[in-house]
2 protein chains.
Amino acid sequence: MADVPEEAVPAAGPSVKLRDVALAAGVDPSVVSRVLSGDRRLSVRPETRARVLEAAARLNYRPNRAARTLKTARTMVIGMVVPDLANTAYSLIAQGAERRAAAAGYILMVMRGSVPDGLEELRGRVDGLLVAAATSDGSYFRSLLGDIPTVLVNRKEPGDIPAVLVDDEAGAAVAVRHLLALGHSRVAHVAGPQNADTARRRLRGYVSALAAAGAEARPEWVVEAPVYDEAAGHLAATTLLGLEPRPTAIFAANIRLAIGALAATRRLGLSVPEDVSIVGFDDTPLAAFLEPPLTTVRMPLAELGELAVESLLGEIEGRRATDVLVSLPPELVVRASAAPPPAA
Amino acid sequence: MADVPEEAVPAAGPSVKLRDVALAAGVDPSVVSRVLSGDRRLSVRPETRARVLEAAARLNYRPNRAARTLKTARTMVIGMVVPDLANTAYSLIAQGAERRAAAAGYILMVMRGSVPDGLEELRGRVDGLLVAAATSDGSYFRSLLGDIPTVLVNRKEPGDIPAVLVDDEAGAAVAVRHLLALGHSRVAHVAGPQNADTARRRLRGYVSALAAAGAEARPEWVVEAPVYDEAAGHLAATTLLGLEPRPTAIFAANIRLAIGALAATRRLGLSVPEDVSIVGFDDTPLAAFLEPPLTTVRMPLAELGELAVESLLGEIEGRRATDVLVSLPPELVVRASAAPPPAA
DNA sequence: CTGTTAGCGCTTTCAA
DNA sequence: TTGAAAGCGCTAACAG
C-alpha cells in the first residue's frame, strides 16, 4: 500500500463549497458562513464551531470571491492607477497604500495607464480608486469615474474629487533655501510640465522661497521641461547654463530632471558643485551613486499613500472626503551636488 | 421649468441591471445578454438588436462583474506579481504583458510582493498569474499556488511551473564578447544574487563566453552581489578593483549593479573607460545620462511579457504550457563606458 | 428569432 | 443555538 500524504492538495477537481463544509460538519450552510466570517455577535455552541472549523480546514475550503462580492457588493480591492510603474516615487506611495489597505482587509492592485483608458475596466473590480496619473481635466474625469469612490494622490484638479497631497511647495522651498543659504544668488529652476499639478506647486515653492528671501528672480531662470525625464532635464539645463550671467545653482523639479541637468552641466565642461550646484526633488537610492552624489529633498511618500487610502476608505463607507495635506515635513538629503558658489 | 441635461449621469442610486434594459427594450433579459455580449452565432432581428443597444446606452447600463464572474467562472484579469515596482525591467515586461492581455480581453493588474504573501488574496480574483518575483523553492511554491494557472517570468525554478525566459546567457555573452573584442584580457564580473535564476544564467554566460574565446578566467574575478542594488554593486566592484593585477573591465549583471560599480571605480580614482571599462545588463533611459554614458545590453523584455501572457492564456484554457525562450536576440547598446584597455 | 428556466456560491434576514 | 429561504445579477441551455 502506498503512502498517501495526508495533506495532499486535491487535484484541480470541483472546488469545495460552503455546502460541502456544512454537510461535513452536519450543520446548515448559513452556520458555516457565520462561523467562518467570525460573526462576533453570534452565539454558536463551541463544539459546533469547532466542528465547522475542522471541516473547513480538512476540506481546504476557499470561499468563492465572486459569490461573496455579488452578495455583499464589495470586492475588497483598492485600485491604484499610475502613469508608469518605473518611478520610485509611485513605488513608495504604493507601499504606504498597501500597508494601510491591508490593515483594513483590502488589497491593493495597481494598473498602469491613464485614467480614461483603464477606467471602464476597473469598474466593478475595485471598491475604490487611488489616482496618481496626471490629468488635466478634472470634471471630464469625474464623469468618467461615475460613482467609483476616488481620491487623487498628490494632484489637485478642478472638480470635486478629494485629494491627498504632500507639501511640494514647502519641499521646493527647502531646496531653494538650502541653495540660498549656501550663498547662491542666481538660482534657476528646471520646472516640470506645467500641466501637472505637482510641477506647478514646486514652481510656486521656488518662486515664493526666492521672494521670501528677497533674492533675485528672473523669468529666464525658469525653464519648463515638457516631461519628467532625463532628456528634458538635460535640454532645459543646457538652456539655463547658456544664460549670461550664468546661474550658479539649479533646482530641478524631479529626480530624473536633476539627473539630466547634472549630465548637461558636465557636458558643458562645468563641474558640479564647483561651478554649479544642483538639487533634485524626490529621493531614490540611486542619488547617492551619481557623480557627484545628488542632494535631494525627500517627501513623505509612504505616508501620502497611507493617508490616501485612509481617505478612500472613508469615501467607500459613504463619508464625504475632503482634501488633506500630509503633515510630515519634507526632508533635505544633503549629499555633494550643492556647495557654495564659485567666488565670482 | 429647469433644463435637465439629457446626458446627466444618474446619481449613485440603484444601478441599472440587465432586467431594466430588457424592460426598456421590451425583450427578455436573455436577449439583452446575448446582444450585449456580441454573441456571433445568434440571430437577432436588426431592429431588436437596435432597440436593445439603444436602451442599454440610454440607461447607461454597466454589467455587474461579480455576477458575470460567478456565472462564467472567469474574472478576465491577469495578475502579475513583482518584487518591486521601481524597476524599469518589470515595467517593460508589464507593458508587453498588458498589450497581449488586452488583445485577449483581459486586463493586467500588478501586485507588489513575494508570492507567499499575496497569493491567498489573489485566488479568485485573477484567472492566471505571471510571477516575476524571485523564488528559491519551486515546489513549495506550486503547493501554495494550488490550481491557479501560473507562468514564471524570466525565472526557472525546479518544479513543474512553466517559464518564459529571455536568453540572459546569450545577453551576458554579448557583453563579454564586446569587452574581449575591445582587447580586454582581464574581464571581471559583478554577479547578481545567486539564489536568483537570472543571476545564475548571466554568470553562466560570462563564464562560457570567456571559455569560448579561450580567454583567461579566474575565480576571483567573479564577485557576487547579495542583492541587485547600487550599494552592492559598489561594494563588489571595490573588491574587484583591489585585485592584483587589476581587471581592466567589469561586466555587471544588472543596471543598478553597474551604476554602483561605476561609482566605485571613480571613487577609487580610476576613470571609466580609460582605466576600466564597464558594461551593464538591461537598459534604461537613465543609462545615457550617466557619466560616462553606460554601455548596456538590452533584452527583449516587452516581448517577454507578451509571450508570458500568451503562454498563460493557453494554461487558462487548459492547455499545458511548456517552457519557452524568447527568440529575439539581445542587443548591445554601445555608449561610452567601454573602450580598449589602457596600454599596459 | 425570442422567452423560460435554472442555477453560479454565498450572506442574511427571519423563524423555529 | 441553528435552520429555512430568498436572492445578489447574470448566462446558457433548452423550448417554443
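Chain naming here is simple, since letters A, B, ... match the order of the sequence lines and numbering starts at 1 in each.
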Distance, nearest 0.5 Å, that separates CZ of B/Arg125 from CZ of A/Arg125: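 Interatomic distance, B/Arg125 CZ to A/Arg125 CZ, rounded to 0.5 Å: 13.0 Å.
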Main-chain N/O of A/Arg74 paired to A/Thr69 side chain as donor or acceptor, under 3.5 Å: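 Such a contact is found between A/Thr69 side chain and A/Arg74 backbone.
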Send over the distance from [X] [atom1] to [N] [atom2], rounded to a whole Å.
X       : N      : atom1 : atom2 : value
A/Leu23 : C/dG9  : CG    : C1'   : 15 Å
A/Asp28 : C/dC14 : CG    : C1'   : 13 Å
A/Leu36 : C/dG9  : CG    : P     : 17 Å
A/Arg62 : C/dC8  : CZ    : C1'   : 20 Å
B/Lys17 : D/dC8  : NZ    : P     : 6 Å
B/Arg65 : D/dC10 : CZ    : P     : 12 Å
A/Arg19 : C/dT11 : CZ    : P     : 15 Å
A/Leu18 : D/dG3  : CG    : C1'   : 13 Å

Thinking salt bridges, do [X] and [Y] make one under a 4.0 Å N-O criterion?
X        : Y        : value
B/Arg320 : B/Glu315 : no
B/Arg65  : A/Glu121 : yes
A/Asp323 : A/Lys156 : yes

Full working for salt bridge (Lys or Arg N to Asp or Glu O under 4.0 Å) between A/Arg58 and A/Glu54: CA-CA 6 Å; A/Arg58 182 162 47 81; A/Glu54 180 278 329; 2.7 Å; yes
Any A/Arg68 side-chain nitrogen or oxygen under 4.0 Å from OP1 or OP2 of C/dG9: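 Result: no.
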Under-4.0 Å side-chain N/O to phosphate OP1/OP2 contact, A/Arg45 with D/dT2: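 Yes.
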Any idea which of [options] is nearest the [X] side chain?
X       : options               : answer
B/Lys71 : D/dC10, D/dA4, C/dG9  : D/dC10
A/Leu70 : C/dT2, D/dG3, D/dC8   : D/dC8
A/Ser33 : C/dT11, D/dG9, D/dC14 : C/dT11

Check: D/dA5 base within 3.5 Å donor-acceptor of A/Ser30 side chain: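 No pair found.
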base_contact_polar (D/dG3 base, A/Arg34 side chain, donor-acceptor, <3.5 Å):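 In this structure, the two groups form a donor-acceptor pair.
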Sugar-phosphate only, base, or nothing, as touched by A/Thr48 at under 4.0 Å among non-hydrogen atoms: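 Contact class for A/Thr48: sugar-phosphate only.
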Single hit among A/Ile316, A/Val77, A/Ile78 for side chain to side chain contact (heavy atoms under 4.5 Å, CB included) with A/Asp127: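 Only one option passes, and that is A/Ile316.
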Axis-to-axis angle between the two ends of the helix from C/dC1-D/dG16 to C/dA16-D/dT1 (five base pairs per end, rounded to 10 degrees):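 Terminal axis comparison yields 40°.
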